[in-house]
Colleague: 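My questions will all concern the structure given below.
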Amino acid sequence: MGNGRTSHWGKGMGAAEASAFMKVKVPEGAKEVKGAVRVNPQEDIHLLSFVTDEKTAVRVAEDLRPGKSLRTRKHDLPPAAELFGHLGLPEPQSQKGARWAGVCPPCAGDMRRSGVGWIEIHVLERDADNTRVYMQAF
């Protein structure tokens, strides 16, 4: 594994590992389910993405208990690192119309996710039946 000071993509780590860490169940019938784990010296970054309908995507976001509902953010800056590009997806921050929510689960009293320091979700509606969900947690 090297000296433990470099980050790398976890071999054989995908959607199952990411959803288990986030304590997020991929919705039944979701398509294009992708995931990865970026192994870092400090905190691993877990990525999960799938396509579902708009209602389900919003429900997944609400289950995170973010305190504020999904909202559009100004995305003037490019993402700090390419993460979702590893999954063959555009970074959600660069997608016009993407809505976002984020939360520190322990700070919000979400004991289901007491081991998660931060979790965020981007939701990008293509049409009513096809909404891409991007989730990232550490």
Side-chain angles (χ1 to χ4, degrees):
M1 288 259 295
N3 61 10
R5 293 177 196 266
T6 59
S7 70
H8 62 276
W9 292 104
K11 263 197 171 79
M13 298 173 90
E17 289 75 16
S19 71
F21 175 78
M22 295 179 195
K23 305 274 191 290
V24 169
K25 193 173 178 295
V26 174
E28 218 171 289
K31 305 175 292 246
E32 298 174 43
V33 179
K34 301 175 179 207
V37 179
R38 181 83 183 162
V39 179
N40 291 303
Q42 296 292 316
E43 296 173 309
D44 297 345
I45 299 173
H46 296 75
L47 303 178
L48 180 64
S49 184
F50 51 86
V51 174
T52 186
D53 62 85
E54 170 71 6
K55 248 191 188 150
T56 303
V58 169
R59 207 166 36 247
V60 169
E62 287 171 350
D63 184 60
L64 300 178
R65 302 179 189 167
K68 288 185 177 173
S69 56
L70 285 165
R71 60 202 178 276
T72 308
R73 289 168 72 187
K74 271 193 176 166
H75 298 297
D76 299 333
L77 299 171
E82 184 182 272
L83 294 171
F84 287 94
H86 177 72
L87 300 176
L89 299 169
E91 299 303 318
Q93 299 90 324
S94 66
Q95 300 298 296
K96 197 168 170 58
R99 290 170 296 149
W100 173 92
V103 67
C104 158
C107 309
D110 186 352
M111 291 302 109
R112 300 169 300 166
R113 299 184 178 94
S114 58
V116 179
W118 178 254
I119 189 165
E120 62 182 51
I121 184 169
H122 283 85
V123 171
L124 182 63
E125 186 179 0
R126 298 184 202 157
D127 60 50
D129 298 326
N130 291 290
T131 298
R132 164 72 64 190
V133 174
Y134 298 83
M135 299 183 76
Q136 177 179 333
F138 58 81

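Along the sequence shown, the residues carry numbers beginning at 1.
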Colleague: With sequence neighbours left out, what residues match Glu32 under side-chain hydrogen bond (donor to acceptor under 3.5 Å, both in side chains)?
Modeller: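 Scan of Glu32 (side-chain hydrogen bond (donor to acceptor under 3.5 Å, both in side chains), adjacent residues dropped) gives Arg132.
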
Colleague: To the nearest 0.5 Å, what is the distance between CG on Leu83 and OG on Ser49?
Modeller: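 One finds 12.0 Å between CG of Leu83 and OG of Ser49.
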
Colleague: Report whether Val58 and Met22 are members of the same hydrophobic cluster (ILVMFWY, side-chain heavy atoms less than 4.5 Å apart, transitive linking).
Modeller: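 As far as the 4.5 Å side-chain criterion goes, Met22 and Val58 are connected within one cluster.
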
Colleague: Does Phe50 share a hydrophobic cluster with Phe84, counting links as ILVMFWY side-chain heavy atoms below 4.5 Å and allowing steps through other members?
Modeller: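 Not linked; separate clusters.
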
Colleague: With rounding to the nearest 0.5 Å, note down the distance linking CG in Leu64 to CZ in Arg112.
Modeller: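 Between atom CG of Leu64 and atom CZ of Arg112 there are 8.0 Å.
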
Colleague: Drop me the distance from Lys34's NZ to Leu48's CG, to the nearest 0.5 angstrom.
Modeller: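 Here the interatomic distance stands at 12.0 Å.
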
Colleague: Tell me whether Val24 shares a hydrophobic cluster with Leu124, the cluster being built from Ile, Leu, Val, Met, Phe, Trp, Tyr side chains joined at under 4.5 Å.
Modeller: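 Unlinked, Val24 and Leu124 end up in two clusters.
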
Colleague: Starting from the C-alpha separation in whole Å, work towards a yes-or-no answer on side chain to side chain contact (heavy atoms under 4.5 Å, CB included) for Arg126 and Val51.
Modeller: CA-CA 10 Å; Arg126 298 184 202 157; Val51 174; 3.6 Å; yes

Colleague: As a test of understanding, state which of Asn130, Thr52, Asp129 forms a side-chain hydrogen bond (donor to acceptor under 3.5 Å, both in side chains) with Lys31.
Modeller: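 One option only clears the test, and that one is Asn130.
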
Colleague: Once rounded to the nearest 0.5 Å, what's the spacing between atom NE2 of His8 and atom CZ of Arg38?
Modeller: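 Rounded to the nearest 0.5 Å, the NE2-CZ separation comes out at 8.5 Å.
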
Colleague: Closest heavy-atom contact between Gly102 and Trp118?
Modeller: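 Smallest interatomic distance, heavy atoms only, reads C-CH2, 3.5 Å.
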
Colleague: Considering non-hydrogen atoms only, spot the tightest contact between Ile119 and Pro105 and give its length.
Modeller: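 It is CG2-CG, 3.9 Å.
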
Colleague: Identify the heavy atoms of Pro106 and Met111 that sit nearest to each other, and give their distance.
Modeller: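 Distance-wise, the nearest heavy atoms are O-CE, 4.2 Å.
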
Colleague: Just how far is it from atom OG1 of Thr131 to atom NZ of Lys55, taken to the nearest 0.5 Å?
Modeller: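 The NZ atom of Lys55 is 12.0 Å from OG1 of Thr131, to the nearest 0.5 Å.
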
Colleague: Any side-chain heavy atom of Glu125 sitting closer than 4.5 Å to one from Val123?
Modeller: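 No, their side chains stay 4.5 Å or more apart.
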
Colleague: Under 4.5 Å between any side-chain heavy atoms of Val60 and Ile121, yes or no?
Modeller: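 Yes; the side chains approach each other to less than 4.5 Å.
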
Colleague: Nearest heavy-atom pair of Arg65 and Ala108: which atoms, and what distance?
Modeller: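 Shortest heavy-atom separation between Arg65 and Ala108 comes out as O-CB, 4.0 Å.
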
Colleague: May I have the step-by-step check of salt bridge (Lys or Arg N to Asp or Glu O under 4.0 Å) for Arg113 and Asp63, ending in yes or no?
Modeller: CA-CA 11 Å; Arg113 299 184 178 94; Asp63 184 60; 3.0 Å; yes

Colleague: Report whether Tyr134 and Leu87 are members of the same hydrophobic cluster (ILVMFWY, side-chain heavy atoms less than 4.5 Å apart, transitive linking).
Modeller: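 Both belong to a single hydrophobic cluster.
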
Colleague: Check for a donor-acceptor pair, side chain of Glu82 on one end and backbone N or O of Glu91 on the other, with a separation under 3.5 Å.
Modeller: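 Between the backbone of Glu91 and the side chain of Glu82 there is no qualifying donor-acceptor contact (under 3.5 Å).
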
Colleague: Looking at every heavy atom in both Val133 and Met135, which two are closest together, and how far apart are they?
Modeller: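 Val133 and Met135 have their closest heavy atoms at CG1-CG, 3.8 Å.
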
Colleague: If you look at every heavy atom in Phe138 and Phe21, which pair is closest and at what distance?
Modeller: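 Reported closest heavy-atom pair: C-CZ, 3.7 Å.
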
Colleague: To the nearest 0.5 Å, what is the distance between CD (Glu62) and CG (Leu70)?
Modeller: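 It is 7.5 Å, given to the nearest 0.5 Å.
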
